[in-house]
Amino acid sequence: MSTSDSTPKERYNARLAAQIEAKWQDRWEIQRTFEAPNPAGPLAEPTKIAGRHKLFILDMFPYPSGAGLHVGHPLGYIGTDVFGRFKRMNGFNVLHALGYDSFGLPAEQHAITTGVHPRENTESNIANMRRQLRRLGLAHDARRSVSTTDEGFYRWTQWIFLQVFNSWFDADRGIARPISELIAEFSSGKRSTGTKSWNEMSSREQKQLVNDHRLAYLADAPVNWCPGLGTILANEEVTAEGRSDIGNYPVFKRNMRQWTMRITAYADRLLDDLDRLDWPESIKLMQRNWIGRSEGARVRFASRAGDIEVFTTRPDTLFGATFMVLSPEHPLVEALTTDTQRAAVDTYRSTASSITDADRQSDTRAKTGVFTGSMATNPVTGKEIPVWIADYVLMGYGTGAIMAVPSGDERDFAFARTYDLPIVATQMPPDSWFAGHGIASTADCTTWPEAFVGEGTYINSRNDNDASSPSSLVLDGITDMATAKRRTNEWLEARGVGQSAITYKLRDWLFSRQRYWGEPFPIVYDEDEMPVAVPDSLLPVTLPELSDFKPQALDPNDEVTDPIPPLARRADWVHTEMEIDDPITGVKRPMAKVRREINVMPQWAGSCWYELRYLDPTNAAAFIDPEVEKYWMGPRHEGHTGGVDLYVGGVEHAVLHLLYSRFWHKVLYDLGHVSSEEPFHRLYNQGYIQAYAYRDERGQTVPAAEVQEREGKYFFDGQQVSREYGKMGKSLKNIVTPDEMYDEFGADTFRLYEMSMGPLDQSRPWNTRDVVGMQRFLQRVWRNLVDEDTGQLTVSETQCPEHLLRALHIAIDGVQRDMDGMRFNTAIAKLIELNNALTKHVEATGSTPRVVAEALTQMLSPLCPHVASELWERLGRTDEITYARFPVADPSLLVSDTMEIPVQINGKVRSRLVAPTGSNDDQLKALALADEKVRIALAGAEPRKVIVVSGRLVNIVA
RNA sequence: GCCCGAGUGGCGAAAUGGCAGACGCGACGGACUCAAAAUCCGUUGCCUGAAAGGGUGUGUGGGUUCGACUCCCACCUCGGGCACCA
């Protein structure tokens with residue numbers, strides 16, 4: 001925006017905005033305006049808390065990217081800032097801070113290519129992000145801006161890891177307990193140690209037994225090995241295509257010994273407590289699906305190789321189980337395979353192992369499988385059924401084996417048809433099902449085109465003619481699935497061939513990474529090669545310096561070479577001496593040689609608990625003072641989960657971060673370290689800012705900023721280009737940065753524009769061209785209060801005319817409610833309407849009544865705090881607008897003497913009439929029928945019915 | 001394939017059973033200016049009409065209701081999640 005000589009000196013434009021914004025940002029910093037008092041601990045100021053409600057609002061932890069911010073990033077930050085500022089003006093003690101999730105792969109990859117230490121790179125990125133965000137005027141408490149890479153922070157990440165390591169899950173009570181209590185139960189004999197008694201066990205055996213119960217444990221498990229990144233990944237970090245979420249490298253399944261967290265122990269609580277959270281239903285659903293709880297039964301089928309156990313959600317269809325299918329990797333396959341089938345089975349198994357996950361998941365693939373040659377006994381029918389192997393049965397779910405009920409399961413049906421296996425109906429489908437498929441109703445499945453899945457009367461489901469015999473199971477005639485399932489489970493349990501069971505899709509959480517830039521594990525290995533906690537007094541275990549950050553050079557497709565983590569290169573660091581506490585007795589041992597853990601934690605570790613550290617960032621004695629935690633996060637009432645009052649962030653963290661942090665929080669809760677059961681009580685997903693991108697005829701993206709629009713077509717450099725729509729990003733050449741907005745319009749206009757575009761939870765396209773509307777609005781507000789040429793206030797102390805006062809209070813009422821509901825776009829619309837009404841008054845009288853000037857300024861303050869603060873000061877107010885009470889609407893000014901009532905005939909508006917406020921229904925009816933337009937429209941016809949909605953509308957049915 | 005969510009002017013959107021399109025952008029007309037930019041004022045869903053006015057209109061088709069963008073059923077399109085989970 002150019003500023004020529006003719007522009008009034010005191011016009012509100014980018015130049016003036018920049019001055020005002022810098023002035024107030026400096027002042028807020030000096031006066032420490034946004035520091036929130038704590039009830040206890042190092043930041044305690046108890047007197048400032050008395051009589052105030054608290055509010056803890058939180059933005060999702062950002063990674064300090066080297067690319068800097070674009071205008072999409074701050075959307076949520078502005079939203080929480082506006083909400084927090086509004087709540088401050090309503091008396092709340094608001095805690096709002098922003099820290100940095102600064103460990104992670106990008107800085108390490110950058111270090112590998114440039115040789116710059118990840119710490120240096122990370123710190124300069126954080127400095128740049130802080131600068132960009134400070135310019136936005138966010139009301140953050142700067143004291144609380146922690147980074148996960150700070151030693152003072154990851155000391156406590158390590159401490160929490162040790163809390164998890166030093167606890168076990170007591171399934172009877174459904175909670176985590178200290179590992180010392182498990183050891184006491186083992187040594188006293190209260191809890192069985194298996195075949196060998198505790199005292200007969202060697203020290204190594206005791207440690208192994210205990211380790212197998214820890215919530216953080218080492219396990220040989222199939223892991224996602226990504227040679228391209230030189231590390232393994234959690235299931236959640238692998239895409240559906242079998243590639244890495246970061247970098248899109250191939251991922252291979254293989255067995256490795258890794259740190260694992262027993263999140264599956266918490267599956268039920270993680271699932272059940274979703275009901276107690278104020279989260280979007282879609283996110284709850286995604287978590288429910290990810291946890292994937294299925295209720296059913298485990299059933300054992302006898303075979304010559306021993307019992308084959310299956311998991312099924314439909315034990316009620318057991319009578320229809322006409323064959324079994326094992327995963328090709330199932331351990332019993334070897335023993336079940338007969339000599340005649342050996343060659344076919346071996347061929348199938350080797351083919352199956354060479355097929356990638358991606359191919360195996362292709363939905364167009366036909367069912368394949370091979371008969372093992374062995375039979376198994378269906379426990380309810382006593383019949384011998386063939387045992388097959390097929391790759392549609394996965395080793396990773398249930399028991400890796402299924403009973404196939406082709407009449408009731410699509411996959412089994414397809415398999416049975418392919419290999420001509422018998423299909424027996426156990427439920428009679430309703431007539432409508434047959435009609436829908438155009439076939440006659442029959443229990444003979446040979447004509448069925450597909451399996452029947454649903455409720456139907458049970459048939460062919462009895463194993464004894466005498467239904468009263470205790471040995472019989474009779475389902476025939478039952479019409480509901482729940483009863484049939486219950487009966488079957490009872491029968492299975494009584495006969496000892498099965499029992500009801502629950503399985504989950506959720507797997508334990510793979511917690512180690514073979515990288516450098518992460519938290520080192522506070523773990524060493526003792527003389528038995530058993531993991532032992534580093535004593536608390538030696539925390540933090542800091543990262544040793546390295547001269548070269550490259551992981552071993554691996555081809556992205558090399559799936560055989562083992563990973564060697566970068567920390568292994570520092571042999572002097574790995575092999576050290578330490579006075580550890582005995583993992584069984586807890587007694588301090590003399591100095592002895594130990595070997596350090598060389599893996600590091602995944603990036604999720606820090607983000608699993610950062611919100612707690614915001615609350616007490618400088619506490620050196622504890623990760624958080626219990627009183628501070630209770631104040632900010634404690635449950636609000638009986639049955640309340642506690643947690644952050646408002647958590648705003650993108651939907652992309654629906655399962656990863658939000659599930660992991662809930663898990664850690666619950667462990668901390670069980671161990672008595674926090675009073676809240678959940679970390680985030682209310683979750684709000686902001687939408688994304690998207691942008692148009694343009695490509696020329698070769699398919700190359702061209703700079704979006706230089707594209708011209710003419711008659712609905714788009715041109716770059718004279719050539720027509722095609723338009724597409726997507727995320728803002730470097731590759732699409734459509735980035736707009738906050739810095740450009742600051743230069744062109746100022747931070748307040750930018751904030752206002754982002755909030756006015758639409759509801760916060762919706763994605764929308766960025767349009768730089770539209771920003772000017774909010775600039776004009778602020779300019780008009782400014783001009784209504786300040787003379788553009790002289791800078792003099794144009795505010796009058798005289799009475800405000802009633803119509804303007806009414807407009808003011810209607811605006812106050814609406815804005816108050818919109819802000820409370822985070823509908824900032826409609827709040828802004830109401831403020832514009834008020835200002836438009838004010839503009840008419842100023843045009844007529846030359847000044848703004850003080851009452852309107854002050855209230856308008858206050859209402860603007862959460863949205864555009866700099867210009868509001870400046871106007872507040874110019875209005876002669878010496879108090880801080882940040883804490884000035886938000887205006888309150890006078891109810892008597894919200895109603896006027898008259899009201900306009902629309903009159904409909906058959907639901908279409910034909911007239912409007914003005915009636916005195918408070919007119920009763922009969923009066924409205926009479927007025928409506930007497931109305932000139934109504935009489936013309938009715939043309940003498942007698943209305944059949946007249947509906948009066950009190951005080952709102954009249955509808956005449958003609 | 002299964003499960004969610006969304007479809008309203010040229011564009012971003014508002015109205016959640018009671019006046020469809022608040023508010024903003026753009027466009028058009030005007031004021032100011034030597035001129036342009038900036039700023040200000042006015043008009044602006046579509047069709048029809050000189051105008052007053054009339055008709056029509058919230059993805060499509062049906063239903064409930066005195067009255068439907070809003071509730072119900074079916075379908076279409078787009079976006080997201082999951083995907084052989086037994």
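Just so we're on the same page: letters track the sequence lines, and every chain starts at 1. Excluded from the calculations below are hydrogen atoms, water molecules and symmetry mates; all remaining heavy atoms, backbone and side chain alike, are included.
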Of A:Q904 and A:G398, the one whose closest nucleotide on RNA chain B sits nearer the 5' end is A:Q904
Residue mapping more 5' on RNA chain B - nearest nucleotide basis, A:F311 or A:E833: A:E833
Starting at atom [atom1] of [X], determine the distance to atom [atom2] of [N], rounded to an integer number of angstrom.
{"X": "A:Q762", "N": "B:rA6", "atom1": "CD", "atom2": "C1'", "result": "8 Å"}
{"X": "A:I810", "N": "B:rA22", "atom1": "CD1", "atom2": "C1'", "result": "14 Å"}
{"X": "A:M859", "N": "B:rC23", "atom1": "CE", "atom2": "P", "result": "17 Å"}
{"X": "A:R764", "N": "B:rC78", "atom1": "CZ", "atom2": "P", "result": "24 Å"}
{"X": "A:W388", "N": "B:rC84", "atom1": "CH2", "atom2": "C1'", "result": "17 Å"}
{"X": "A:Y753", "N": "B:rC25", "atom1": "OH", "atom2": "C1'", "result": "8 Å"}
{"X": "A:F777", "N": "B:rG24", "atom1": "CZ", "atom2": "C1'", "result": "11 Å"}

Return the orientation label for the A:W388 and A:F415 ring planes: parallel under 30°, perpendicular over 60°, tilted otherwise. perpendicular
Taking the six-membered ring for Trp, are A:H657 and A:H653 parallel (under 30°), tilted (30 to 60°) or perpendicular (over 60°)? perpendicular
[atom1] atom, [N] versus [M]: distance in rounded Å?
{"N": "B:rU48", "M": "B:rA36", "atom1": "C1'", "result": "40 Å"}
{"N": "B:rG57", "M": "B:rG62", "atom1": "P", "result": "12 Å"}
{"N": "B:rG79", "M": "B:rU65", "atom1": "P", "result": "38 Å"}
{"N": "B:rG7", "M": "B:rU60", "atom1": "P", "result": "13 Å"}
{"N": "B:rC34", "M": "B:rA52", "atom1": "C1'", "result": "43 Å"}
{"N": "B:rG30", "M": "B:rG17", "atom1": "P", "result": "45 Å"}
{"N": "B:rA6", "M": "B:rU70", "atom1": "C1'", "result": "15 Å"}
{"N": "B:rC25", "M": "B:rG63", "atom1": "C1'", "result": "39 Å"}

Which is it for A:E652 and A:Y688 under the side-chain hydrogen bond (donor to acceptor under 3.5 Å, both in side chains) test, yes or no, and what are the steps along the way? CA-CA 11 Å; A:E652 72 272 20; A:Y688 295 103; 2.2 Å; yes
For [N], does OP1 or OP2 lie under 4.0 Å from any side-chain N or O of [X]?
{"X": "A:R776", "N": "B:rU39", "result": "yes"}
{"X": "A:N836", "N": "B:rC40", "result": "no"}
{"X": "A:R783", "N": "B:rC40", "result": "yes"}
{"X": "A:R944", "N": "B:rC66", "result": "no"}
{"X": "A:N825", "N": "B:rG24", "result": "no"}
{"X": "A:S294", "N": "B:rA86", "result": "yes"}

For [N], give its Watson-Crick or G-U wobble partner with both distances under 3.5 Å, or none.
{"N": "B:rA83", "answer": "none"}
{"N": "B:rA37", "answer": "none"}
{"N": "B:rG21", "answer": "none"}
{"N": "B:rG5", "answer": "B:rC78"}
{"N": "B:rA15", "answer": "none"}
{"N": "B:rA51", "answer": "none"}
{"N": "B:rG26", "answer": "B:rU44"}

Going by modelled atom types, is there a donor-acceptor pair between the base of B:rC25 and the side chain of A:R769 at under 3.5 Å? no
Could you check whether the side chain of A:N955 and the base of B:rC66 have a donor-acceptor pair of N or O atoms closer than 3.5 Å, going by distance alone? yes
Consider the side chain of [X], meaning its heavy atoms from C-beta on, and name the nucleotide among [options] that approaches it most closely.
{"X": "A:I832", "options": "B:rC23, B:rC19, B:rC84", "answer": "B:rC23"}
{"X": "A:K367", "options": "B:rA15, B:rC84, B:rA86", "answer": "B:rC84"}
{"X": "A:V949", "options": "B:rG18, B:rC40, B:rC19", "answer": "B:rG18"}
{"X": "A:E843", "options": "B:rA86, B:rC41, B:rG12", "answer": "B:rC41"}
{"X": "A:P759", "options": "B:rA14, B:rC40, B:rG81", "answer": "B:rA14"}
{"X": "A:K505", "options": "B:rA22, B:rC82, B:rC25", "answer": "B:rC82"}

Worked check of side-chain hydrogen bond (donor to acceptor under 3.5 Å, both in side chains) between A:T826 and A:D818: CA-CA 7 Å; A:T826 50; A:D818 284 347; 3.0 Å; yes
SB check A:D787 A:K9 (cutoff 4.0 Å): no
Sidechain N-carboxylate O distance under 4.0 Å for A:E833, A:K830: no
Would you classify B:rG9 as syn or anti? Syn applies when the glycosidic angle is within 90° of 0. syn
What verdict does the side-chain hydrogen bond (donor to acceptor under 3.5 Å, both in side chains) test give for A:S327 and A:Y392, after you've listed the backbone C-alpha separation in whole Å, the side-chain angles of each residue and the deciding distance to 0.1 Å? CA-CA 7 Å; A:S327 161; A:Y392 81 91; over 6 Å; no
Mind running side-chain contact (heavy atoms from CB on, under 4.5 Å) on A:Y397 and A:S294 for me, showing each step along the way? CA-CA 11 Å; A:Y397 185 75; A:S294 309; 3.0 Å; yes
